[in-house]
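Protein chains get the first letters and strands the later ones, always in sequence-line order, with residue 1 at the start of each.
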Number of protein chains: 2
Amino acid sequence: MSVQFETARPVALFKPHQIIRKEQGALFRIQEGWACHYALLPDGRRQIITLYLPGDICDPRWVTGSDEPEEVLTLTAIKASPLSNRLIDGDDAERREFWRALSVIERRQRRWLLTLGRRSAGERIAYLFLEIYERMRRAGFAYGQQCAFNLTQTEIADLTGLTSVHVNRTIQGMRTRGQIELDGRWLRIPDPDLLRQVAAFHADEVVE
Amino acid sequence: MSVQFETARPVALFKPHQIIRKEQGALFRIQEGWACHYALLPDGRRQIITLYLPGDICDPRWVTGSDEPEEVLTLTAIKASPLSNRLIDGDDAERREFWRALSVIERRQRRWLLTLGRRSAGERIAYLFLEIYERMRRAGFAYGQQCAFNLTQTEIADLTGLTSVHVNRTIQGMRTRGQIELDGRWLRIPDPDLLRQVAAFHADEVVE
DNA sequence: CGTATAATTGAATTACGTCAAAGTCCGTGG
DNA sequence: CCACGGACTTTGACGTAATTCAATTATACG
């Protein structure tokens with residue numbers, strides 16, 4: 001059930017809320033769906049560390065070998081292309097792309113450290129919306145000012161280090177002020193520059 | 001006449017609160033002193049992203065090239081050995097060590113994301129003390145249960161995403177409860193297991 | 001000494017969390 | 001078609017951790 005390969009073009013399918021481990025096979029490039037990697041404190045508090053969107057390699061850290069068993073949790077159903085070890089054994093271009101993926105993750109983490117350490121609730125959530133929209137856009141999954149949005153408010157809370165209750169109230173504020181439109185699984189950013197201000201972006205900052 | 005017993009061993013010296021840029025030359029391995037890399041929000045809020053202690057390569061990200069100009073700020077006077085490009089052009093062992101340094105930074109960042117997102121003030125500060133002590137110990141700079149500690153309370157605040165006032169009050173609480181001894185530039189951890197509990201460590205968690 | 005930087009303290013405020021209950025949405029099966 | 005259940009969102013009242021502002025006291029340093 002968990003992994004299904006088709007002969008013509010190999011495709012791996014995963015269900016929502018399924019854990020994918022390193023042992024399970026090769027790397028994947030996500031074609032459709034969202035996934036994440038998270039960490040827990042002993043008492044159960046959860047922090048989502050990395051978010052994987054369509055186009056992302058999942059998880060690039062898997063090839064570095066000696067690390068702890070990086071688990072990936074699917075947030076939605078996932079359609080992905082298995083990459084096997086092409087990226088390791090492949091040619092220079094493939095290897096370069098792989099290292100770039102690793103360094104993008106590292107840079108995103110650095111920005112997120114600033115966000116968690118120094119941004120307020122509203123700023124964090126605005127930042128998250130902008131990052132997700134921009135990543136979806138680059139992957140070719142944005143339509144005008146909007147894109148699919150597959151996170152529950154509890155998941156937003158686990159990304160931003162807040163509670164789901166506070167996320168709810170904060171989002172409602174942003175809605176009434178016209179900063180975002182968020183209905184269920186669809187996000188629209190009417191005025192990106194406004195939202196960038198809300199998120200305390202630098203004027204020339206480029207999301208990634 | 002005089003005999004020279006030591007051949008010149010190249011050493012780079014930096015003053016406290018000096019900014020070291022990529023252009024300035026090669027990589028360095030810190031022999032003595034502390035440094036950091038930080039990020040700012042437009043209104044001046046500061047978050048320290050990476051902390052460099054003796055033994056650390058500073059900054060390993062510099063060799064990955066295309067990145068933004070990673071600045072390093074010295075927190076104290078620094079004595080460092082220039083590494084030039086040996087790590088890139090060098091043999092396999094050298095290259096491996098370099099990649100390991102990069103992946104250690106990445107893993108530390110991931111843990112710090114959990115800390116900033118989900119740990120309370122007291123837990124964050126306890127975590128920081130344990131991480132610093134352990135890194136100093138591994139680098140051979142711990143003496144019994146203690147090590148040098150070169151951060152002001154404002155710098156602790158910029159690492160933990162808190163205010164210096166709150167850091168002060170929290171540390172005082174830890175002091176009166178006997179969880180740490182911290183006088184000026186010296187840190188002592190009388191009972192590491194106790195402090196690990198305070199920091200909400202997992203039972204088997206290994207600092208790095 | 002004198003000046004700067006860092007640590008400490010107090011009082012008032014605020015942002016965010018907690019707890020608990022209702023309301024909404026959506027798929028599933030009868 | 002409706003009833004049901006489960007996951008998600010929304011709301012209110014209240015509690016608390018952390019911030020802010022503004023002094024004051026220590027500590028280092030030339």
Side-chain angles (χ1 to χ4, degrees), chain A residues 15-18 34 41 43-48 73-77 115-126 128 148-176 180-187 198 200, chain B residues 15-18 34 41 43-48 73-77 115-128 148-176 180-187 198-200:
Chain A
K15 297 183 177 177
H17 305 116
Q18 184 187 340
W34 294 23
L41 289 181
D43 66 359
R45 280 173 283 176
R46 180 173 86 144
Q47 176 66 37
I48 295 181
L73 173 69
T74 61
L75 297 171
T76 68
T115 297
L116 289 182
R118 288 309 188 193
R119 274 188 242 252
S120 69
E123 292 167 338
R124 292 183 207 185
I125 294 174
L128 177 67
F149 189 87
N150 285 307
L151 299 175
T152 68
Q153 294 186 357
T154 301
E155 286 157 353
I156 296 177
D158 286 344
L159 272 160
T160 53
L162 302 166
T163 60
S164 63
V165 173
H166 196 59
V167 166
N168 182 275
R169 290 196 238 265
T170 306
I171 287 182
Q172 284 181 56
M174 298 173 72
R175 269 203 271 250
T176 60
I180 55 151
E181 292 164 34
L182 181 62
D183 106 81
R185 316 223 84 75
W186 212 247
L187 167 69
V198 172
Chain B
K15 298 183 176 174
H17 306 118
Q18 185 186 341
W34 295 23
L41 289 181
D43 65 359
R45 279 173 284 176
R46 181 173 85 145
Q47 177 66 39
I48 294 180
L73 172 70
T74 62
L75 297 171
T76 68
T115 297
L116 289 182
R118 289 307 189 194
R119 274 188 242 252
S120 69
E123 292 167 339
R124 293 183 206 184
I125 294 174
Y127 186 100
L128 177 67
F149 190 87
N150 285 306
L151 299 175
T152 67
Q153 293 186 357
T154 301
E155 286 157 354
I156 297 177
D158 286 344
L159 273 160
T160 53
L162 302 166
T163 60
S164 64
V165 172
H166 195 56
V167 165
N168 182 275
R169 291 195 238 265
T170 307
I171 287 182
Q172 284 181 58
M174 298 173 73
R175 269 201 271 250
T176 60
I180 55 152
E181 290 164 34
L182 181 62
D183 107 81
R185 316 221 85 76
W186 213 247
L187 167 69
V198 172

Any side-chain heavy-atom pair from A:Leu75 and A:Asn150 closer than 4.5 angstrom?
no
When rounded to whole Å, the CD to P distance for the pair A:Glu123 and D:dT19 reads 14 Å
Determine yes or no for a side-chain-to-main-chain donor-acceptor pair under 3.5 angstrom, with B:Arg45 supplying the side chain and A:Arg118 the backbone.
yes
Any non-hydrogen side-chain atom of A:Ile180 less than 4.5 Å from a side-chain atom of A:Ile171?
yes
Rounded off to whole Å, could you give me the CG-to-P distance for the A:Asn150 and D:dA7 pair?
18 Å
Taken to the nearest whole Å, CG/B:Leu151 to P/C:dT5 is 18 Å
Using whole Å, report how far CZ of A:Arg185 lies from C1' of C:dG27.
14 Å
In whole angstroms, how far is the P atom of C:dA7 from the CD1 atom of B:Ile125?
12 Å
Rounded to the nearest 0.5 Å, what separation is found between the CG atom of A:Leu128 and the CD atom of A:Glu123?
13.5 Å
State whether the side chain of A:Thr74 and the backbone N or O of A:Gln18 hold a donor-acceptor pair below 3.5 Å, judged by distance alone.
yes
Whole-Å gap separating C1' (D:dT10) and CG (A:Leu182):
14 Å
Scoring nucleotides 8-25 of chain C by protein non-hydrogen atoms under 4.0 Å (B base, S sugar-phosphate only, - none) yields BBBB----BSBB------
Measuring only between side-chain heavy atoms, which start at C-beta, is A:Gln47 closer than 4.5 Å to A:Leu41?
no
Between atom CG in B:Asp158 and atom P in C:dA6, what is the gap in whole Å?
12 Å
